[in-house]
Amino acid sequence: MCWIFHITRILTDLALVDLSDQQQTAAAYKNVRTLLNTASKLTFKSLKSHDKRTVSVNNHCTIELFTPVSKLPGSEPLPILVHFHGGGHAIGSAVDNLLLDVFKLFGDKLVVASVEYRLAPEHIFPAAADDAISAIEFVSKNAKSLGSSPQHICISGMSAGGNLAAVALHHASDNNISIKHAYLQIPEMHIGCAGSFHTSFAVHGKVGALPTEIMVHWWKAYCPDPALAADPKCSPINVSSSTLRKIDCEILVQTSSADVLLGSGLEYVEKLKQAKVRVTHVMVQGSHSFGLMCDRKNRNLLDEIWKAKVLS
């Protein structure tokens with residue numbers, strides 16, 4: 001468990017970085033990203049179940065495409081998962097260690113398109129949101145060449161990635177892009193850089209997995225203009241009911257019981273229900289991303305539901 005405390009210490013130190021000091025900020029983020037990305041690349045180096053290639057979406061955004069090695073050219077299309085990694089819109093990469101769990105769960109029955117979106121603070125809102133929208137449009141238009149079909153597109157994302165997955169889903173519903181299923185894990189639905197907080201911040205703000213200090217730091221890094229934070233592309237919780245009513249797929253939402261993001265996650269689930277969207281909500285017992293590691297009963301339930309919906 002020592003690596004958990006190591007990550008917590010890294011995040012706590014990052015929260016102390018003065019964003020107005022560009023040199024200090026650049027150095028701090030370079031160190032954290034190098035550490036995390038090096039670990040991910042080493043993990044994926046031994047991956048043998050999937051072929052990986054980089055696909056360009058546009059000049060700003062790429063996709064890491066993972067295709068099962070057993071899939072033959074011209075064979076039946078597989079579902080494709082458009083995945084958005086977490087990391088406060090500021091760290092992490094498309095080569096996301098969480099994908100190893102996806103490969104284990106789905107085996108050779110799923111193609112994964114993991115999105116390499118632009119990161120803050122170098123690229124502030126709406127950069128990442130625009131990349132999420134570009135990615136879902138690209139996959140829809142090119143699904144066949146990616147080994148899938150426009151009718152088999154699924155979406156997933158964790159934390160900040162859940163934020164972007166929701167942005168992509170809402171855009172798809174407004175623009176007649178077919179989505180088969182969406183899975184939002186501990187999603188960051190509200191960017192509170194204007195000083196607005198859900199009560200879960202008061203209750204769980206000192207939990208080391210995601211303390212209030214680092215969340216506020218990332219909010220300011222991603223969207224320094226409080227006026228823009230209300231935009232549904234930034235805070236998906238503010239999406240209109242008319243957009244939600246157009247969603248024609250089932251949504252699985254996972255929250256954690258001791259998470260600062262719990263409040264906005266629960267609020268989003270309620271908005272989906274009010275809009276008559278087919279939604280399943282599972283709350284795991286524990287802190288932010290670590291709840292999934294500890295609550296095996298609910299983790300297994302989530303995996304079971306997700307796999308059944310994607311492969312149906």
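The closest donor-acceptor contact from the side chain of Ser235 to the backbone of Pro232 lies at 3.5 Å or more, if one exists at all. Checking side-chain atoms of Ser75 against main-chain N and O of Leu72 turns up a donor-acceptor pair under 3.5 Å. Under the 3.5 Å distance criterion, the side-chain polar atoms of Ser159 are left unmatched by any main-chain donor or acceptor of Gly86. Checking side-chain atoms of Lys180 against main-chain N and O of Ser312 turns up a donor-acceptor pair under 3.5 Å. A donor-acceptor contact shorter than 3.5 Å is absent between the side chain of Asp96 and the backbone of Leu99. In this structure a side-chain-to-backbone donor-acceptor pair under 3.5 Å is missing from Ser148 to Ala143. Judged purely by atom type and a 3.5 angstrom limit, Asp295 uses its side chain to pair as donor or acceptor with the backbone of Gln285.
A continuous path of Ile, Leu, Val, Met, Phe, Trp and Tyr side chains, each step under 4.5 Å between heavy atoms, connects Leu311 with Tyr183, placing both in one hydrophobic cluster. Note on Leu16: it does not cluster hydrophobically with Ile91, by side-chain heavy-atom contacts below 4.5 Å among ILVMFWY residues.
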Walk me through it: do His83 and Ser156 pass the test side-chain hydrogen bond (donor to acceptor under 3.5 Å, both in side chains)? CA-CA 5 Å; His83 174 74; Ser156 72; 2.9 Å; yes

Trp218 and Glu188: CA distance, side-chain angles, deciding distance, side-chain contact (heavy atoms from CB on, under 4.5 Å) verdict: CA-CA 11 Å; Trp218 276 337; Glu188 179 190 6; 5.8 Å; no

Please test Thr54 against Glu64 for side-chain hydrogen bond (donor to acceptor under 3.5 Å, both in side chains), starting from the C-alpha separation and ending with a verdict. CA-CA 5 Å; Thr54 302; Glu64 293 300 323; 2.8 Å; yes

Could you go step by step and tell me if Ser49 and Lys104 meet the side-chain contact (heavy atoms from CB on, under 4.5 Å) rule? CA-CA 9 Å; Ser49 61; Lys104 182 178 180 181; over 6 Å; no

Candidate pair His60 and Asp131, rule side-chain hydrogen bond (donor to acceptor under 3.5 Å, both in side chains), full reasoning: CA-CA 7 Å; His60 308 296; Asp131 289 348; 6.0 Å; no

Kindly determine whether Ile251 and Val269 satisfy side-chain contact (heavy atoms from CB on, under 4.5 Å), including the steps that lead there. CA-CA 9 Å; Ile251 302 176; Val269 169; over 6 Å; no

Test side-chain contact (heavy atoms from CB on, under 4.5 Å) on His170 and Ile247 and set out the steps. CA-CA 7 Å; His170 298 162; Ile247 295 176; 4.2 Å; yes

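Between His89 and Tyr222, the ring center distance clears the sub-6.0 Å criterion. In this structure, His123 has its ring center no closer than 6.0 Å to that of Tyr117. Aromatic ring centres of Phe106 and Phe66: separated by at least 6.0 Å.
Expressed to the nearest 0.5 Å, how far CG of Asp231 lies from CG of Asn238 amounts to 8.5 Å. For the atom pair CG of Asn163 and CG of Leu184, the computed distance is 9.5 Å after rounding to the nearest 0.5 Å. Taking NZ of Lys30 as the start and CG of Asn37 as the end, the distance is 12.5 Å to the nearest 0.5 Å.
Classification of Asp303 and Arg299 as a salt-bridged pair holds, one side-chain N sitting under 4.0 Å from a carboxylate O. Taking a cutoff of 4.0 Å between a charged side-chain nitrogen and a carboxylate oxygen, Lys71 and Asp51 do not qualify as a salt bridge. We find that Glu122 and Arg33 are joined by a salt bridge, their nearest charged nitrogen and carboxylate oxygen being less than 4.0 Å apart.
The closest side-chain heavy-atom distance from Phe103 to Leu47 is below 4.5 Å. For the pair Leu252 and Leu302, the minimum side-chain heavy-atom distance is below 4.5 Å.
Judged by distance alone, the side chains of Glu116 and Ser93 never bring a donor and an acceptor atom under 3.5 Å apart. Residues Ser256 and Gln254 bring a donor and an acceptor atom of their side chains to less than 3.5 Å of each other. With 3.5 Å as the limit, one finds a donor-acceptor pair spanning the side chains of His171 and Glu137. His281 and Thr255 form a side-chain donor-acceptor contact under 3.5 Å, judged by distance and modelled atom types alone.
A 6.0 Å sphere centred on CD of Gln151 holds more than 12 heavy atoms belonging to other residues, nucleotides or ligands. No more than 12 heavy-atom neighbours from other residues, nucleotides or ligands sit within 6.0 angstrom of CG on Asp248. With a 6.0 Å radius and a threshold of 12 heavy atoms from other residues, nucleotides or ligands, Lys271 has its NZ atom above the threshold. Counted within 6.0 Å of NZ on Lys109, heavy atoms from surrounding residues, nucleotides or ligands total 12 or fewer; the atom is thus considered open.
Remark: of the listed residues Leu164, Val82, Thr243, Ile155, Ile155 is the sole one forming a side chain to side chain contact (heavy atoms under 4.5 Å, CB included) with Leu169.
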